[in-house]
Amino acid sequence: MGQGLWRVARNQQLQQEGYSEQGYLPREQSRRMAAGSISNTNHRKQVQGGIDIYHLLKARKCKEQEGFINLEMLPPELSFTILSYLNATDLCLASCVWRDLANDELLWQGLCKSTWGHCSIYNRNPPLGFSFRKLYMQLDEGSLTFNANPDEGVNYFMSKGILDDSPKEIAKFIFCTRTLNWKKLRIYLDERRDVLDDLVTLHNFRNQFLPNALREFFRHIHAPEERGEYLETLITKFSHRFCACNPDLMRELGLSPDAVYVLCYSLILLSIDLTSPHVKNKMSKREFIRNTRRAAQNISEDFVGHLYDNIYLIGHVAA
């Protein structure tokens, strides 16, 4: 009984002096251990339950209080730079919040010229009440009309004063536009050979290797799916244009437009042979050189070998 009372009194004295009953640790160290255990408990809760819900809700509340950045409070140059990254749909939505900024003519002018690189109306003095935002809507409407009916689409552009009734202007518009359906465009160019002639002259094949130039040509003017008169016309026009862009190379290699025509046909046939899964026995390099030089005898064997290597490594010229 007496020893028990003594222990109780002794423990109270030690606690008052800064020691704990379990191991006689200093009070400060005891606090650190308690804080560490609480921290470890919280860490275990976060690991077990994912992100702490309290901190997540607190961060969300702070964001709701802050809201979106008001572009009108920023310098105009910075605001226009931010809005310039938006497409037409997002820019229309932005105009519901920042009407004056999102309706700026420079922004819509950039959208028009980045999508439709050439229009006749760009080179004329704008009429009274002209708006690039309205022009964008008309260009988009005309492109959709062209993709349904090419003739109606071109007539729409002319009726709105966007394009002049000139094969050269139409060719420039097609050359600088990437929103036109290539199948409809192929049909239109097959019917409008005058536009096709001007479109071919817009290409610059200077200092380009023949297969690479042919790929670039067929990226703008898609080749037909089957052989025929239209494909022959395209290759003929390309051959003359390639020779016109590289007169020195033609003299050095001793090539004529007819020889380039033969090479282009050989490259198309080789592309089909090497890339088609239906052809099991692929043409070898030696066979290609022999067949090509048989059709065009003045071509060097090294040059024809380089043509084969290009198709073998890069792929189809009219893909």
Side-chain angles (χ1 to χ4, degrees), residues 117-118 150 167-178 180-276 288 291-300 303-319:
H118 176 82
K168 188 174 183 178
E169 287 296 306
I170 299 174
K172 287 182 179 179
F173 175 79
I174 294 173
F175 185 79
C176 300
T177 302
R178 298 292 178 268
L180 304 179
N181 183 274
W182 64 271
K183 292 184 179 180
K184 297 295 183 179
L185 182 59
R186 185 175 61 193
I187 297 173
Y188 180 77
L189 293 177
D190 190 13
E191 297 174 352
R192 292 291 304 269
R193 298 299 176 90
D194 54 344
V195 177
L196 177 61
D197 291 338
D198 289 320
L199 184 59
V200 172
T201 58
L202 293 175
H203 291 81
N204 184 11
F205 302 124
R206 184 172 178 81
N207 296 328
Q208 291 192 27
F209 194 37
L210 180 60
N212 297 333
L214 196 58
R215 287 189 187 91
E216 180 182 341
F217 179 76
F218 282 131
R219 272 197 294 266
H220 288 93
I221 306 174
H222 291 270
E225 297 176 355
E226 298 179 355
R227 301 180 192 176
E229 186 268 338
Y230 181 57
L231 179 60
E232 295 178 359
T233 300
L234 291 180
I235 298 177
T236 301
K237 294 182 180 299
F238 168 81
S239 301
H240 285 82
R241 182 58 183 170
F242 184 81
C243 292
C245 293
N246 300 280
D248 297 335
L249 179 63
M250 296 301 102
R251 284 193 299 268
E252 180 182 350
L253 296 177
L255 297 179
S256 64
D258 293 336
V260 174
Y261 177 91
V262 173
L263 290 177
C264 290
Y265 245 115
S266 299
L267 290 173
I268 293 175
L269 295 177
L270 178 64
S271 299
I272 297 173
D273 185 273
L274 294 182
T275 59
S276 176
F288 177 75
N291 296 336
T292 303
R293 295 195 69 192
R294 185 180 303 170
Q297 299 178 359
N298 296 329
I299 304 175
S300 66
F303 181 75
V304 180
H306 292 321
L307 296 178
Y308 182 93
D309 294 337
N310 184 281
I311 303 300
Y312 183 83
L313 295 174
I314 299 179
H316 208 302
V317 293

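FYI, side chains are in, hydrogens and waters are out, and symmetry mates aren't considered; it's all heavy atoms of this structure.
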*For the atom pair CD1 (Ile221) and CD (Glu216), what is the distance rounded to the nearest 0.5 Å?*
10.5 Å
*Do the side chain of Arg206 and the main chain of Asn246 share a donor and acceptor less than 3.5 angstrom apart?*
no
*Report yes if some heavy atom in the side chain of Tyr230 is under 4.5 Å from a heavy atom in the side chain of Leu196; otherwise report no.*
yes
*asked:* Would you call the rings of Tyr308 and Phe288 parallel, tilted or perpendicular, taking 30° and 60° as the class edges?
replied: tilted
*At their closest point, which heavy atom of Cys176 faces which heavy atom of His118, and how far apart are they?*
CB-N, 3.6 Å
*Could you tell me the separation between the NE2 atom of His306 and the CG atom of Leu210, rounded to the nearest 0.5 Å?*
13.5 Å
*Looking only at heavy atoms, what is the nearest atom pair of His222 and Arg219, with distance?*
NE2-O, 3.7 Å
*Is any side-chain heavy atom of Asn212 less than 4.5 Å from a side-chain heavy atom of Phe205?*
no
_Close side-chain approach of Ile170 and Tyr188, heavy atoms under 4.5 Å_ = yes
*Between the main-chain N or O of Asp198 and the side-chain N or O of Thr201, is there a donor-acceptor pair closer than 3.5 Å?*
yes
*Nearest non-hydrogen partners of Ala223 and Leu231, listed with the distance*: CB-CD1, 4.4 Å
*Taking the side chain as every heavy atom from C-beta outward, state whether Leu234 and Phe218 have any pair of such atoms under 4.5 Å apart.*
yes
*Can you tell me how far the CZ atom of Phe242 sits from the CG atom of Leu255, to the nearest 0.5 Å?*
8.5 Å
*Quick one: sort the Phe217 and Phe238 rings into parallel, tilted or perpendicular, breaks at 30° and 60°.*
tilted
*Do Arg215 side-chain atoms and Gly315 backbone N/O form a donor-acceptor pair below 3.5 Å?*
yes
*asked:* Please find the pair of heavy atoms, one from His316 and one from Ile272, that lie closest to each other, and give the distance.
replied: NE2-CG1, 3.7 Å
*Nearest heavy-atom neighbours spanning Asp194 and Pro167*: OD2-CG, 3.5 Å
*Flag the pair His240 / Thr236 as yes when at least one side-chain heavy-atom distance between them is below 4.5 Å, and no otherwise.*
yes
*Any chance you could lay out the side chain to side chain contact (heavy atoms under 4.5 Å, CB included) test for Asn291 and Ser266, step after step, and finish with the verdict?*
CA-CA 9 Å; Asn291 296 336; Ser266 299; over 6 Å; no
*Rounded to the nearest 0.5 Å, how far does SG of Cys245 lie from CG of Asn204?*
5.0 Å
*Would a 4.5 Å heavy-atom cut-off, applied to side chains only, mark Leu263 and Phe303 as touching?*
yes
*Could you check whether the rings of His220 and His203 sit parallel, tilted or perpendicular, using 30° and 60° as the cut-offs?*
perpendicular
*asked:* Taking atom CD as the centre, does Glu225 end up with more than 12 heavy-atom neighbours from other residues, nucleotides or ligands that are less than 6.0 angstrom away?
replied: no
*Quick one: does Ile174's side chain get under 4.5 Å of Leu189's, heavy atoms only?*
yes
*Using atom types as modelled and distance alone, determine if a side-chain donor or acceptor of Arg293 lies under 3.5 Å from a backbone N or O of Ile299.*
yes
*Rounded to the nearest 0.5 Å, how far does OG1 of Thr233 lie from CG of Asp190?*
8.0 Å
*Nearest 0.5 Å please: distance from the NZ atom of Lys168 over to the CG atom of Leu202.*
8.0 Å
*Please report the closest heavy-atom contact between Cys264 and Ile235, naming both atoms and the distance.*
CB-CG2, 3.6 Å
*Check ion pair Lys184-Glu191 (N to O, under 4.0 angstrom)*: no
*What's the verdict on side chain to side chain contact (heavy atoms under 4.5 Å, CB included) for Phe173 and Glu169, showing C-alpha distance, side-chain angles and the deciding distance?*
CA-CA 6 Å; Phe173 175 79; Glu169 287 296 306; over 6 Å; no
*Could you tell me whether Tyr265 atom OH has more than 12 heavy atoms of other residues or ligands within 6.0 Å of it?*
yes
_Side-chain touch Leu307/Leu267, heavy atoms, less than 4.5 angstrom_ = yes
